[in-house]
Amino acid sequence: MSGSAITPWVIGNWKMNPVQAEAQQLVSEFKTLLEQQAIDAAQCHLGVAPVAIALGSVQEQLKTAVRPVYTVAQDVSRIAGLGAYTGEVSAELLKDSQIGFVLVGHSERREIFAENVQILNAKIQNALAAGLTVIYCVGESLQQRESGQAEQVVLQQICDIAAVVEAEQWQNIVIAYEPIWAIGTGKTASPEDAQAMHAKIREGLTQLTSYGPQMAILYGGSVKPENAVELAACPDINGALVGGASLNAASFHQIAQAFANTQ
Ligand code: PGA
């Protein structure tokens, strides 16, 4: 199936950046760009994932954007509901604050914060049960790629979540393929390599769920305006999860345009 039938998503992952004043400036510049050069909402979903303490203020600022731009949480607790869990933010609390999207499985969470399958699955289960859409990140390390294991590792990461995703919940999952060696390094997978992996992911998803052919599979890892057009042209690349380049309003807008233009 051609990826062009799937509305692309471009999501900015701000990670632990920037300070409040700069975040406000960034959103304000992005809103102005959207006014000057429209990106039709039907051609591309847009989202930004600020730090937890900025979710509310960014969401408020985005309410007056000319088109929907979703506010995305970077993380969610593995504990559901409310209770004595110091430091945690549950899926229910995100939902209560009208945050409808969350990243789960980012390699920085897997590696730096030792999030294993059990933890990630608890997060996904809670998020889906609360009605959130999960952007589930997968990707192989350089060593895994060089030893020919990339495909197996990534497909295993996809299969891992099948234990907790109920049949109808697959429509609330977006996949982000982010080869770890391409994140923040300036190295991008070639469009051919990225497309090949995305096609494998699509095959794997289609074996797990009837929603597989229509699920969005985003690419992430040093996406910038210079490589976005080529990546966007690949049939199974349905958008981008953008780190560094999303901290610049003009770059983020250009990347979004590249994907919107495929529609
Ligand atoms: P990058 O990050 O665009 O800075 O490589 C992508 C990500 O980690 O989501």
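Order of listing sets the numbers, starting from 1, for every ligand and every atom in it. In this text the structure is predicted, and so the values were computed from the model without any measurement.
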Using a 4.0 Å cut-off to any heavy atom of Asn13, which atoms of ligand 1 qualify? 9 (O)
Check the surroundings of atom CD1 in Ile112: do more than 12 heavy atoms from other residues, nucleotides or ligands lie under 6.0 Å from it? yes
Is a donor from one side chain sitting under 3.5 angstrom from an acceptor on the other, for Thr71 and Gln59? no
Relative to ligand 1, is Ala182 under 4.0 angstrom through side chain, backbone, both or neither, heavy atoms considered? backbone
When you look at CD of Gln144, are more than 12 heavy atoms from neighbouring residues, nucleotides or ligands closer to it than 6.0 Å? yes
Under a 4.0 Å heavy-atom limit, does Ile183 contact ligand 1 with its side chain, its backbone, both, or neither? both
In the protein, which heavy atom is nearest to atom 3 (O) of ligand 1, and how far is it? Gly243 N, 2.9 Å
Which residue supplies the protein heavy atom nearest to atom 7 (C) of ligand 1, what is that atom called, and how far is it? Glu178 OE2, 3.1 Å
If you count the atoms of ligand 1 from 1 in the order shown, which ones are under 4.0 Å from a heavy atom of Gly184? 1 (P), 4 (O), 5 (O)
State, without any angle test, whether Asp160 and Gln156 hold a side-chain donor-acceptor pair at a distance under 3.5 Å. yes
Residue pairs, two or more places apart or on separate chains, that pass side chain to side chain donor-acceptor pair (under 3.5 Å) and touch residues 176-188: His106-Glu178, Glu140-Tyr177, Glu140-Trp181, Arg145-Tyr177, Thr188-Asn227
Going by atom types only, do Gln24 and Gln20 share a side-chain donor-acceptor pair under 3.5 Å? no
To check you understand the geometry: which heavy-atom pair defines the closest contact between Trp9 and Ala216, and what is its length? CD1-CB, 3.5 Å
Checking Ser147 against Gln149: is there a side-chain donor and acceptor pair closer than 3.5 Å? yes
In the protein, which heavy atom is nearest to atom 4 (O) of ligand 1, and how far is it? Gly244 N, 2.8 Å
Just which atoms of ligand 1 are under 4.0 Å from any heavy atom in Gly221? 5 (O)
Atoms of ligand 1, numbered as shown, that sit under 4.0 Å from any heavy atom of Ser222: 1 (P), 3 (O), 5 (O)
Report yes if Thr185 has an N/O atom closer than 3.5 Å to an N/O atom of ligand 1; otherwise report no. no
Nearest non-hydrogen atom to atom 8 (O) of ligand 1 belongs to which of His106, Lys187, Glu108? His106
